[in-house]
Amino acid sequence: ALSGVACGVLAPARLARVMVLSPAAAAQVATPVSVPSPDGATLLSVDVGDRVTYGVTHRGRLVLDASPISLTLSASGGARILGGNDRVRSTDTRSVRDSVRPVTPTKRAVVQDRFNELRLHFTSHDLKFRAYNEGISYRCVLTMGASITVVSEDASFASSGPADGVLGIDTTVLTTY
């Protein structure tokens, strides 16, 4: 399976129990669905309709409005857009409380890896959304055939108002963890 990663934003509380639905119940999966950060300050919400959108609130304040995401693929059968008129078959969630010892030099000998994850299962792919205390991320996991070309990716960030941005450019091997 191929996977792509994009995004980074802000931070979310308790995670719902794992929910897996049978294919017969697939049409019953309602969106929007959401996942909080481990500290509960940030809530990542996902809606699936004629397009897939996500939004973020932090401490009850809207940070990102509904922001569409999609992936356009080219395969032997022609072009296909993931994130447009898709139907969620099932969802599940998990919480991760781990730590990692980086191989490359970092500011810390141990990096905490703590997040809550919401996984949306579609027919030919899954979308993983993660809420960290420091931000959010999403990943598209493809479960299609062996030869696929990613033609384009739509990664939108619809700020709910005036927003400041910070860009760090690091020319060293030292990471910012």
Side-chain angles (χ1 to χ4, degrees), residues 1-12 15-16 18-23 25-37 42-58 62-96 113-160 163 165-169 175:
L2 301 172
S3 65
V5 181
C7 202
V9 183
L10 263 179
L15 195 58
V18 173
M19 175 177 72
V20 179
L21 300 176
S22 69
Q28 303 296 322
V29 176
T31 61
V33 290
S34 59
V35 61
S37 63
T42 300
L43 187 65
L44 169 61
S45 299
V46 181
D47 194 11
V48 179
D50 59 339
R51 61 188 182 164
V52 175
T53 61
Y54 72 98
V56 178
T57 59
H58 183 67
L62 185 63
V63 176
L64 285 181
D65 256 332
S67 301
I69 56 174
S70 67
L71 199 59
T72 303
L73 307 175
S74 176
S76 58
R80 177 159 184 217
I81 299 174
L82 305 180
N85 288 315
D86 288 329
R87 180 170 281 169
V88 179
R89 291 185 307 126
S90 63
T91 65
D92 60 65
T93 58
R94 71 181 180 128
S95 294
V96 172
D113 189 21
R114 304 210 166 143
F115 60 87
N116 293 329
E117 181 179 86
L118 168 66
R119 188 168 185 153
L120 304 179
H121 301 278
F122 297 90
T123 303
S124 60
H125 69 288
D126 292 351
L127 280 175
K128 289 183 179 182
F129 292 89
R130 290 183 177 177
Y132 299 83
N133 291 341
E134 304 79 16
I136 63 104
S137 68
Y138 71 84
R139 173 179 293 181
C140 184
V141 180
L142 305 178
T143 56
M144 301 171 181
S147 181
I148 298 169
T149 302
V150 176
V151 176
S152 66
E153 177 181 16
D154 178 19
S156 302
F157 308 92
S159 174
S160 63
V166 177
L167 173 64
I169 300 175
T175 70

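Keep in mind it's a predicted model, so treat the numbers as computed, not measured.
We find the CG-CG distance between Leu71 and Leu142 to be 6.0 Å, quoted to the nearest 0.5 Å. A distance of 10.0 Å separates CG in Asp86 from CG in Leu120, rounded to the nearest 0.5 Å.
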Notebook entry, point to check: What do the steps show when you test Phe129 against Ile136 for side chain to side chain contact (heavy atoms under 4.5 Å, CB included), and what is the final call?
Noted result: CA-CA 7 Å; Phe129 292 89; Ile136 63 104; over 6 Å; no
Checklist line | Check against side chain to side chain contact (heavy atoms under 4.5 Å, CB included), Phe115 and Val35 | finding: CA-CA 10 Å; Phe115 60 87; Val35 61; over 6 Å; no
Checklist line | Residue pair Ser95, Arg114: steps toward the side chain to side chain donor-acceptor pair (under 3.5 Å) verdict | finding: CA-CA 8 Å; Ser95 294; Arg114 304 210 166 143; over 6 Å; no
Check: Step by step, would you call Val151 with Leu73 a side chain to side chain contact (heavy atoms under 4.5 Å, CB included)?
Finding: CA-CA 5 Å; Val151 176; Leu73 307 175; 6.0 Å; no
Check: Between Thr57 and Val63, does a side chain to side chain contact (heavy atoms under 4.5 Å, CB included) hold up when you go through it step by step?
Finding: CA-CA 5 Å; Thr57 59; Val63 176; 5.8 Å; no
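Scored by the side chain to side chain donor-acceptor pair (under 3.5 Å) test, Ser152 finds Thr72 as partners (sequence neighbours excluded). Thr123 pairs by the side chain to side chain contact (heavy atoms under 4.5 Å, CB included) definition with Arg89, not counting sequence neighbours. Contacts of Ser159 classified as side chain to side chain contact (heavy atoms under 4.5 Å, CB included), with partners at least two apart in sequence or in another chain: Ala163. Annotation: ring-ring contact (aromatic ring centres under 6.0 Å, His included) contacts of His121 (sequence neighbours excluded): none. When the side chain to side chain donor-acceptor pair (under 3.5 Å) test is applied to Ser74, no partner is found at least two apart in sequence or on another chain. Residues that satisfy the side chain to side chain donor-acceptor pair (under 3.5 Å) test with Asp154, not counting sequence neighbours, are Ser156.
For residues 118-129, the set of pairs meeting the salt bridge (Lys or Arg N to Asp or Glu O under 4.0 Å) definition, not counting sequence neighbours, comprises Arg119-Asp126.
A 4.5 Å side-chain heavy-atom check between Tyr132 and Ser137 finds at least one atom pair inside the cut-off. Put simply, the side chain of Leu82 reaches to within 4.5 Å of the side chain of Cys140, judged on heavy atoms.
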Could you tabulate the donor-acceptor pairs under 3.5 Å formed by side-chain atoms of residues 43-53, not counting sequence neighbours?
unit_1: Asp47; atom_1: OD1; unit_2: Thr31; atom_2: OG1; d: 2.9

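For the residue pair Ala158 and Ser67, the shortest heavy atom distance occurs at N-OG, 2.9 Å. When all heavy atoms of Ala155 and Ile69 are compared, the pair lying nearest together is CA-CG2, 4.3 Å.
Partner of Val33 under the side-chain contact (heavy atoms from CB on, under 4.5 Å) criterion, out of Leu118, Thr93, Val88: Leu118 alone.
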